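Note that the coordinates shown come from a computational prediction; the quantities given were computed from them, not determined experimentally. Heavy atoms only: backbone and side chains are in, while hydrogens, waters and symmetry mates are out.
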Amino acid sequence: MVSALSSSPSFPHSWRYDVFVSFRGEDTRYNFVDHLFSAVHHKGINTFIDSNDIKRGQELSSTLVAAIEESRICIILFSENYASSKWCLDELVKILECKHSKQQTVWPIFYKVDPSDVRNQRGAYGQALAYHEYRFHDNMPKVLCWRAALTEAANLAGWSFLDGYESKFIHDIVGEISAQVLNCTYLIVADYPVGMESRVLHVNMLLDVEEKDVRMVGIWGIGGIGKTTVAKAVCNSIVGGFEGSCFLENVRENSMRDGGLVELQNTLLFDILGEKRLKVNNADKGINVIKKMLSHKRVLLVLDDVNHLDQLKKLAGGVDWFGIGSRIVITTRDKHLLTAHQINLIYKVKELNYNQATVLFSWNAFARKRHQVDKLIVETALQYAQGLPLALIHLGSRLCGRSTDECKAALDCYARVPNQEIQEILKISYNALEDPVKEVFLDIACFFKGKKRNYVVETLESCELNPKYCIEVLVDNAIISIERDNIWMHDLIEEMGREIVRQESPTEPGRRSRLWFHEDVYHVLTENTGTDNIKGIVVNLPKSDVICLNAESLSKMKNLRLFITCNSHFSGDVEYLPNELRILDWPECPLQSFPSNFNPRKLVKLNMPCSHMTRLGEGFKNLQNVKSINFCSCKFLKSIPDFSGIPNLVYLNLNYCESLVEVWIPQKACSLKC
């Protein structure tokens, strides 16, 4: 079951009323309070005003206590006889308690009384407190508590009315109340905000709203991980403590339109200031207006889905733009944007754990009927989604109301064909990458997930890519992660990358840039359907399968850079190997010699242990770029070319080559096994 979020201090209180008014009935009920209530009611503001003229009993009624606790704003109407009422003073104490414990807004109105008389208990307030001291002489701590409450409340910012037009005075007050209610209107977070309490707590620890500085905090993670949901929950949990707030959603998308950044600036100014007439018509002017109008105001600003540094510069350029105590929250897929903007307080949103994922999926798919659910359906869905809220919600909503057989059929379909809606959201991060970074990502998604970083870097450097930089960019964009020096990515991210390659030619794998699926590899190599589009092949066949090569198997793959076999078995022979090969990793290779026309001038790594090689051929005299050669356990290899002139060779393994009779060993090789 989903826990009640209102019970957590990290989430907003469930306010029943917008406003609670504390007043002395005999002074103001039939004039000022009546007019005030009519005005706020006309504005649609839900207000609690006690309708009982006579208080019964010695303590505040439970109804009044609950009304105070459940009101977002409390207004204390200090009139001439307010302090003469014990119940008014008890209300005042309770209101101030809630101000501290629930972050409620409290405003005093001094109606035909001097605020200093309330603050210092003089005049009618002094007489009233003197009477209370006489009446409650055996409970002086209570009276002292009333005095302290009067002093504290009188020091709060509010309104003072001595004489004049009450209607205009009430109009101004209602305007302020209305603006505050709108400012504190909570955002809809999610239908089922599962696992949100701990995430909000972590972000709020970084924000630390009690500190009197200006602070920017980033919320970072992959698409669909719940960054916006977390930001909304965070906003709800702290918005009441600010003079103004603005949640700018979809900054990336909205800024792409002509004049989009200017529109965002105007939205920001209007949401915080509530001034329709204040408009800017260009982004540079907007910068100055934001700085001028907000530099002395304590604001909460959320910039959601930022993807470009210019957006930050135009909407929240620096901490000096905002007043002391302001908090700016930025959600993004790109960590580098945050660090480039000098934002060092960053929260990375992680996948839901197993229990959280189970709850979120079950609520979306089956509501409260979890006990009736086929466990296999839940486990299959969780395995597919891997804790990604986007996928869990989407799968759950798709399966909602369907029979068990229909659910199983739908999940089986997702396992074979990636879901388009999920893929499109995840693909946003890919589309934003530079072309060289895209190439590295696709290589990792198709070939190298789970491999050691150094191995991937060395392999892709051999292919004239810049993997060190590209890997950092991918990490910054939360597309991959480095765990114990291994490169990992979410299963759905891997699926997205592979689907991008599959869509290069949906029906003919030989026209794609990369091959990894054993059935596709088998088809291309045995049917000779390869093309010069293919850049890499990684073969990992089921143990029972054997690929029967023929003379033309690789003949059309002019641009093949990588040929790596893992747990794969081949038979037959080929008459062509691409001269673009950088990595040839082919244990148990069935070839007895390389094709005579093979010129391995670009080859960097040659790994062929246990192969059937008897000789290498004349082309191997031109190995200027090779760094590693391994012919370990090649029982039939009789001789190899003179490697002494190869400048870059650092690893040579000829162990257990029983038939080898002649070898030239380069002196520069630093790791030799002969």
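Remark: side-chain polar atoms of Ser326 are not paired, donor with acceptor, to backbone N or O of Phe322 under 3.5 angstrom. Between the side chain of Gln265 and the backbone N or O of Ala283, at least one donor-acceptor pair lies under 3.5 Å. Judged by distance alone, with hydrogens and angles left aside, the side-chain atoms of Ser84 form a donor-acceptor pair with the main-chain N or O of Asn81 at under 3.5 Å. In this structure, Asp213 contributes its side chain and Arg215 its backbone to no donor-acceptor pair below 3.5 Å. One N or O on the side chain of Gln356 and one on the backbone of Asn353 form a donor-acceptor pair closer than 3.5 Å. With hydrogens and angles disregarded, a donor-acceptor distance shorter than 3.5 Å links the side chain of His137 to the backbone of Tyr134.
Across all their heavy atoms, Cys246 and Thr267 have their closest contact at SG-O, 4.2 Å. Across all their heavy atoms, Ala231 and Val302 have their closest contact at CB-CG1, 4.1 Å. Here the shortest heavy-atom pairing between Lys297 and Met293 reads CB-O, 4.5 Å. Between Ala233 and Val200, the closest heavy-atom pair is CB-CG2, 3.4 Å. Between Val214 and Gly325, the shortest heavy-atom contact is CG2-N, 4.3 Å. Here the closest non-hydrogen pair linking Ile95 and Ser22 is CD1-CB, 3.8 Å.
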Are Phe110 and Trp159 close enough, and set up right, to give a side chain to side chain contact (heavy atoms under 4.5 Å, CB included), and what steps lead you there? CA-CA 6 Å; Phe110 302 96; Trp159 298 271; over 6 Å; no
Applying side chain to side chain contact (heavy atoms under 4.5 Å, CB included), run through Asp284 and Lys314 and close with a yes or a no. CA-CA 7 Å; Asp284 291 331; Lys314 296 292 171 52; 3.9 Å; yes
Apply ring pair (Phe, Tyr, Trp, His ring centres under 6.0 Å) to the pair Phe23 and Tyr82, showing each step before the final yes or no. CA-CA 7 Å; Phe23 64 97; Tyr82 183 90; 9.0 Å; no
With side chain to side chain donor-acceptor pair (under 3.5 Å) as the criterion, how do Asn204 and Ser237 come out once you've worked through the C-alpha distance, each side chain's angles and the decisive distance to 0.1 Å? CA-CA 9 Å; Asn204 281 344; Ser237 71; 3.1 Å; yes
Hey, mind stepping through Thr331 and Val306 against side chain to side chain contact (heavy atoms under 4.5 Å, CB included) and telling me if it holds? CA-CA 6 Å; Thr331 76; Val306 173; over 6 Å; no
Check against salt bridge (charged side-chain N to carboxylate O under 4.0 Å, His left out), Glu80 and Lys112: CA-CA 7 Å; Glu80 183 178 8; Lys112 297 183 180 181; over 6 Å; no
Could you give me the CA-CA distance, side-chain angles and deciding distance for Glu166 and Tyr111, then say whether side chain to side chain donor-acceptor pair (under 3.5 Å) is met? CA-CA 10 Å; Glu166 284 192 6; Tyr111 182 72; 2.3 Å; yes
Please test Leu248 against Leu268 for side chain to side chain contact (heavy atoms under 4.5 Å, CB included), starting from the C-alpha separation and ending with a verdict. CA-CA 7 Å; Leu248 284 181; Leu268 188 159; 4.1 Å; yes
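Remark: the Arg16 side chain and the Ser71 side chain contain no N/O donor-acceptor pair separated by less than 3.5 Å. Remark: the Ser85 side chain and the Arg24 side chain contain no N/O donor-acceptor pair separated by less than 3.5 Å. At a cut-off of 3.5 Å, with distance as the only test, no side-chain donor of His132 or Gln127 sits close to an acceptor on the other residue. Using modelled atom types, one finds a donor on one side chain and an acceptor on the other under 3.5 Å when comparing Gln121 with Thr151.
Using a 4.5 Å cut-off on side-chain heavy atoms (C-beta onward), Thr228 and Phe247 make contact. Contact of the Arg122 side chain with the Ser116 side chain is registered, since non-hydrogen atoms from C-beta on lie closer than 4.5 Å. Looking at heavy atoms from C-beta onward, Ile222 lies out of side-chain contact with Lys227 at the 4.5 angstrom threshold. Counting only heavy atoms from C-beta outward, the side chains of Trp321 and Leu294 never approach each other to under 4.5 Å. Using a 4.5 Å cut-off on side-chain heavy atoms (C-beta onward), Ser167 and Ile170 make no contact. Two residues are said to be in side-chain contact when any heavy atoms from C-beta on lie closer than 4.5 Å; Ile73 and Gln104 fail this criterion. Considering only heavy atoms from C-beta on, Val217 stays 4.5 Å or farther from Ile330 through its side chain. Side-chain contact between Asn281 and Lys285 is present, with at least one heavy-atom pair separated by less than 4.5 Å.
Between atom CG of residue Leu382 and atom CG of residue Asn355 there is a gap of 10.0 Å, rounded to the nearest 0.5 Å. Annotation: the span from Asn120 atom CG to Arg147 atom CZ amounts to 10.5 Å, rounded to 0.5 Å. How far CZ of Arg72 is from CG of Asn46: 10.0 Å, rounded to the nearest 0.5 Å. One distance of note links CG of Leu303 with OG1 of Thr332; it measures 10.5 Å at 0.5 Å rounding. For the atom pair NE2 of His171 and CD of Glu176, the computed distance is 11.5 Å after rounding to the nearest 0.5 Å. Distance check, rounded to the nearest 0.5 Å: CG of Asp117 to CG of Leu150 gives 11.5 Å.
A 6.0 Å sphere centred on CD1 of Ile188 holds no more than 12 heavy atoms belonging to other residues, nucleotides or ligands. Glu133 CD: more than 12 foreign heavy atoms inside a 6.0 Å radius. Within a 6.0 Å radius of NE2 in His100, other residues, nucleotides and ligands contribute more than 12 heavy atoms. More than 12 non-hydrogen atoms from other residues, nucleotides or ligands lie less than 6.0 angstrom from CG of Asp138.
Checked options Phe37, Trp107, Phe48; the residue passing with Phe20 is Phe48 (criterion: ring pair (Phe, Tyr, Trp, His ring centres under 6.0 Å)). Among Thr358, Leu352, Val359, the single residue meeting the side chain to side chain contact (heavy atoms under 4.5 Å, CB included) criterion with Leu392 is Leu352. Each of Val40, Val174, Thr47 was checked for a side chain to side chain contact (heavy atoms under 4.5 Å, CB included) with Val19, and the lone residue meeting it is Thr47. Paired with Arg252 under the rule side chain to side chain donor-acceptor pair (under 3.5 Å), one option of Asn307, Asp304, Asp305 passes, and it is Asp305. For the side chain to side chain contact (heavy atoms under 4.5 Å, CB included) with Arg327, the lone residue among Glu211, Arg298, Met216 that qualifies is Glu211.
Aromatic ring centres of Phe136 and Trp146: separated by under 6.0 Å.
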List the atom pairs, donor and acceptor, that lie under 3.5 Å between side-chain atoms in residues 334-344 and the rest of the protein, sequence neighbours left out.
{"from": "Asp334", "atom 1": "OD1", "to": "His336", "atom 2": "N", "distance (Å)": "3.0"}
{"from": "Thr339", "atom 1": "OG1", "to": "His336", "atom 2": "O", "distance (Å)": "3.0"}
{"from": "His341", "atom 1": "NE2", "to": "Ala316", "atom 2": "O", "distance (Å)": "2.8"}

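By the 30° and 60° cut-offs, the orientation of the rings of Phe78 relative to Tyr125 is perpendicular.
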